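All values reported here derive from a predicted model rather than from experimental measurement. Throughout, residue positions are numbered sequentially from 1 according to the sequence presented.
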Amino acid sequence: MNSGEISAPPSIPFALSIGVTGHRLDAFAPDALAGIAQRIGEVLDLLVIEARALALREAALFADRPPAITLVSPLADGADQIAAELALERGLRLQAVLPFERDTYKADFDARGAEQLDQALARAGCVLELPGLRNNSASAYVQAGRATVAHSDLLIAVWDGLPARGRGGTAEIIELALARGTPIIHVQADPATAPVIMWSAFDPAIVTQYHGAATCRAFDATQVRRLLTLLLAPPENEREREDLRYFLKERDFRVRPRIEYPLLLAMAGTRRFRRGDWQDASTATATRDEWMRYRQACAGCHGVSAELDLLEQAYGWSDRLASHFAQTYRSGHVFNFLSAAIAVLIALAGLFLPSAKIALATAEFLVILAIMLNTHIGIRKRWHQRWLDYRQLAERLRPMRSLKLLGIAAPDAPGSATEPVARRWTDWYAAGVWRTMGCPSGQLDQSRAAALARAIGEHELAPQIAYNRSSAEQVERLDQRLETLGGALFAATLLGCVVLIAGLILAPGWTAEHSKVFVLLSAGLPALGTAIFGIRVQGDFAGTALRSQATADLLERIADDLGKAGPDLARSADLTEQAARVMLADLGQWRLVNQQHELAVG
């Protein structure tokens, strides 16, 4: 299914992914296993109860599907397998993340453990086999833990509370989860110690990467309800919820009636007027074609695949709507500035056409009325806000396809580094799409990991580099030509003033005879020049060009490094995550600039 086959932006299904990490079987006393299983079961039961209750409370803002609750587990003997068995008993889905190819992984188990592994894999909805190497098993376990965290909303950690005793251990995975803003439910082997919730968002004043009183809460119904609400429910702010409803009610715009901005680009000689400037269908077709090329080059052909349909639909809608409202909003500004200049020229035309004063006054009235109506409609229909929101959403969604396919990569948590909670609907929606996709499946060996990294560089980053360079060149050229035109208009006004002064001194009669022309030039040309200046300032073309060029330079460096990453999956994941951050950083700067440029009169 593609984005053009649904009639509205997709709603997000209610989903919860629970990861598990914990000590191996030999770390527990035999008589402690039953108690550990009981506490894990109690944790799962409370999570399921509160998650399903939350899904009912918030049903209006989720897709009409049953809640999907999943356990993500590396299936090591001990805590991982215990949790997997308990999850399956409760009807939860199971997704497995293995540090090695499955036959290699079995060497970690005794006969009974290998049998349990096979049974769990047979019941798993998907299995991801990572390219770990036996001669570097610590890194392999770190990758499996990183993948578990990447695809989990929260993590159950069966842990003795002691520091890491080596790479890939439970303590290291917990530190990774804390750094990423993932909540952790700490289950101790000691039956006298109750589980607690550890989460950096409990201490939002600073970035917290340790466990202590400031980041811990009791694991009880009240705290679990609060935790799941913050993680899974749309933002509490009613304005954000209204904006979400607005997005979900959007429909396709087959025609783009506001073409003033692309006409300005064409008249300035920066690019041709294109079919896509007045037909949204062209944008939808281009997006589908780009996704098809990406799927053919990256998804399913390097040993790993992922559920990308919902992501493609959500991205297609947000990108198409963002393009539509960007053009509509920018055209609204071009219309206002140029119409204001035209109103001045109409008023001045009364000097030459005194008999048409009523017609000219009516024309001026209609032009001013058109400006006010254009502004009123733009504010009421929220052209500006919809453009900013939908573009921000699209750019959050775009890199998720590559992050998902890499298996161990993930987008940054929503919100801020100190408070990883979605406070804006766009952050919540993007996080919902990510969790709904679940784990990728398949087998990544060393050669496939290298090939996938190269494909992502070619089909994810290279188009963004080209787009940013082209955009920088286009808007810089537009800014320069508008500057030249505006300067020429003011220079012509200055020349007219010089001629007027000379005429008053040398030929007062001739000057008086042509006084109306001088009034027209001295008032009309500056009005046009001011309109051009206003369009430049409002569009921030020079700033946009600088930001786009800087983004292209950073992405190019990352793409070069990605091509050199070879089979190092962790390095490829780090680079791809950084590329997503670079694009979002550019987007954040762009939003700050444009938030102050609402369509207005005066």
Gap between atom OG of Ser447 and atom CG of Leu452 - 0.5 Å precision:
11.0 Å
Between Glu129 (side chain only) and Arg102 (backbone N and O only), is there a donor and an acceptor less than 3.5 Å apart?
yes
Test: Asp118 and Lys106 ion pair at under 4.0 Å
yes
Note: Arg241-Glu58 ion pair, threshold 4.0 Å (strictly below):
yes
Pairwise side-chain contact, Val20 with Val72, heavy-atom cut-off 4.5 Å (strictly under)
no
When you measure from the side chain of Arg251 to the backbone N and O of Lys249, does any donor-acceptor pair fall under 3.5 Å?
yes
Between Ile408 and Ala573, what is the shortest heavy-atom contact and its length?
CG1-CB, 3.6 Å
Residue list, salt bridge (Lys or Arg N to Asp or Glu O under 4.0 Å) with Glu238, at least two apart or on another chain
Arg245
Between Thr170 and Asp160, is any pair of side-chain heavy atoms under 4.5 Å apart?
no
Please step through salt bridge (charged side-chain N to carboxylate O under 4.0 Å, His left out) for the pair Asp574 and Arg146, ending with a clear verdict.
CA-CA 11 Å; Asp574 290 342; Arg146 181 173 173 179; 2.8 Å; yes
Any His23 side-chain heavy atom under 4.5 Å of Val158 side chain
no
Tell me, do Leu128 and Pro440 make a side-chain contact under 4.5 Å, heavy atoms counted?
yes
Inter-residue atom distance Leu47.CG - Arg90.CZ, 0.5 Å rounding:
11.0 Å
Do Arg424 and Trp428 meet the cation-pi criteria used here (NZ or CZ under 6.0 Å from the six-membered ring centre, within 45° of the axis)?
no
Here the pair of heavy atoms bringing Ala580 nearest to Leu403 is CB-CD1, 4.5 Å
A side-chain contact here means heavy atoms from C-beta on lying under 4.5 Å apart; do Val224 and Ile197 qualify?
yes
N/O donor-acceptor pairs under 3.5 Å from side chains in residues 177-186, not counting sequence neighbours:
from, atom 1, to, atom 2, distance (Å)
Arg180, NH2, Glu577, OE1, 3.1
Arg180, NH2, Glu577, OE2, 2.4
His186, NE2, Trp159, O, 2.9

In plain terms, say whether Asp243 and Arg239 are close enough for a salt bridge, that is, a side-chain N and a carboxylate O under 4.0 Å apart.
yes
Can you tell me if Glu307 has over 12 outside heavy atoms packed within less than 6.0 Å of its CD?
no
May I ask you to say whether Glu250 pairs ionically with Arg386, meaning some side-chain N is under 4.0 Å from a carboxylate O?
yes
Please check this pair: side chain of Ser152 against backbone of Leu155, looking for a donor-acceptor N/O pair closer than 3.5 Å.
no
When you check the side-chain N and O atoms of Glu290 and Thr287, is any donor under 3.5 Å from an acceptor?
no
Apply the test side chain to side chain contact (heavy atoms under 4.5 Å, CB included) to residues Val196 and Val187: give CA-CA distance (whole Å), side-chain angles for both, the deciding distance (0.1 Å), then the verdict.
CA-CA 7 Å; Val196 297; Val187 177; over 6 Å; no
Show the nearest heavy-atom pair for residues Ala68 and Arg93, with the distance to one decimal.
CB-NH2, 3.7 Å
Check: Ser305 side chain, Gly300 main-chain N or O, donor-acceptor pair, under 3.5 Å:
no
Arg293-Gln296 side chain donor-acceptor pair, cut-off 3.5 Å:
no
d(Asp45 CG, Leu86 CG) to nearest 0.5 Å is 9.0 Å
Once the angle between the rings of Phe100 and Tyr105 is folded into 0 to 90°, is it parallel (under 30°), tilted (30 to 60°) or perpendicular (over 60°)?
tilted
Distance-only donor-acceptor check, side chains Arg398 and Tyr315, under 3.5 Å
yes
Could you measure the distance from the OG atom of Ser139 to the CG atom of Asp568? Nearest 0.5 Å is fine.
8.5 Å
Closer than 3.5 angstrom, by distance alone: can the side chain of Arg123 be matched with the main-chain N or O of Gln119 as a donor-acceptor pair?
no
Within the structure provided, determine whether Ile456 and Thr576 are in side-chain contact (heavy-atom separation under 4.5 Å).
yes
May I ask you to decide if Leu133's main-chain N or O and Ser137's side chain share a donor-acceptor pair within less than 3.5 Å?
no
Taking atom CG of Asp220 and atom CZ of Arg226, what is their separation to the nearest 0.5 Å?
11.0 Å
After noting the C-alpha distance and the side-chain angles of Leu130 and Leu98, does the key distance pass the side chain to side chain contact (heavy atoms under 4.5 Å, CB included) rule?
CA-CA 6 Å; Leu130 296 170; Leu98 311 185; over 6 Å; no
Is it the case that Glu460 and Ser402 place a side-chain donor and acceptor less than 3.5 Å from each other?
yes
Is a side-chain donor or acceptor of Gln95 paired with a backbone partner of Ser73 at a separation under 3.5 angstrom?
no
Taking the side chain from Lys404 and the backbone from Gly438, do they hold a donor-acceptor pair closer than 3.5 Å?
yes
Between Gln464 and Glu395, is any pair of side-chain heavy atoms under 4.5 Å apart?
yes
Roughly how far, to the nearest 0.5 Å, is CD1 of Ile18 from CG of Asp153?
8.5 Å
His302 (side chain) donor-acceptor with Ala453 (main chain) under 3.5 angstrom
no
Does one side chain, of Gln81 or Asp77, offer a donor that lies under 3.5 Å from an acceptor on the other?
no
Tell me the closest heavy-atom pair linking Thr148 and Pro74, and the distance in Å.
OG1-CG, 3.5 Å
Testing the basics here: between Val97 and Cys439, what is the closest heavy-atom pair and its distance to 0.1 Å?
CG2-SG, 4.1 Å
Shortest non-hydrogen contact from Val43 toward Pro195:
CG2-CG, 4.3 Å
Under 6.0 Å from the CD atom of Glu89, do we count more than 12 heavy atoms belonging to anything else shown?
yes
When Leu397 is tested against each of Leu311, Leu310, Thr426 for side-chain contact (heavy atoms from CB on, under 4.5 Å), which residue passes?
Leu311
Let's go through Arg295 and Glu312 carefully: what are the C-alpha distance in whole Å and the side-chain angles of both, what is the deciding distance for salt bridge (charged side-chain N to carboxylate O under 4.0 Å, His left out) to 0.1 Å, and is it a yes or a no?
CA-CA 10 Å; Arg295 284 177 182 261; Glu312 181 179 352; 3.0 Å; yes
Can you confirm whether Val421 sits close enough to Arg423 that some side-chain heavy atom of one is under 4.5 Å from a side-chain heavy atom of the other?
yes
What residues form a ring-ring contact (aromatic ring centres under 6.0 Å, His included) with Phe247, not counting sequence neighbours?
Tyr390, Trp425, Tyr429
Test: Arg65 cationic atom under 6.0 Å from Phe14 six-membered ring centre, within 45° of axis:
no
Might you confirm whether atom CG of Asp64 has over 12 heavy atoms from other residues, nucleotides or ligands at distances under 6.0 Å?
no
Any donor-acceptor pair under 3.5 Å from Trp199 side chain to Pro420 backbone:
no
Kindly confirm or rule out a cation-pi arrangement of Arg382 over Tyr246, judged by NZ or CZ under 6.0 Å from the six-membered ring centre and within 45° of its axis?
yes
Test Asp108 against Tyr141 for side chain to side chain donor-acceptor pair (under 3.5 Å), laying out the working first.
CA-CA 12 Å; Asp108 280 6; Tyr141 296 130; 2.4 Å; yes
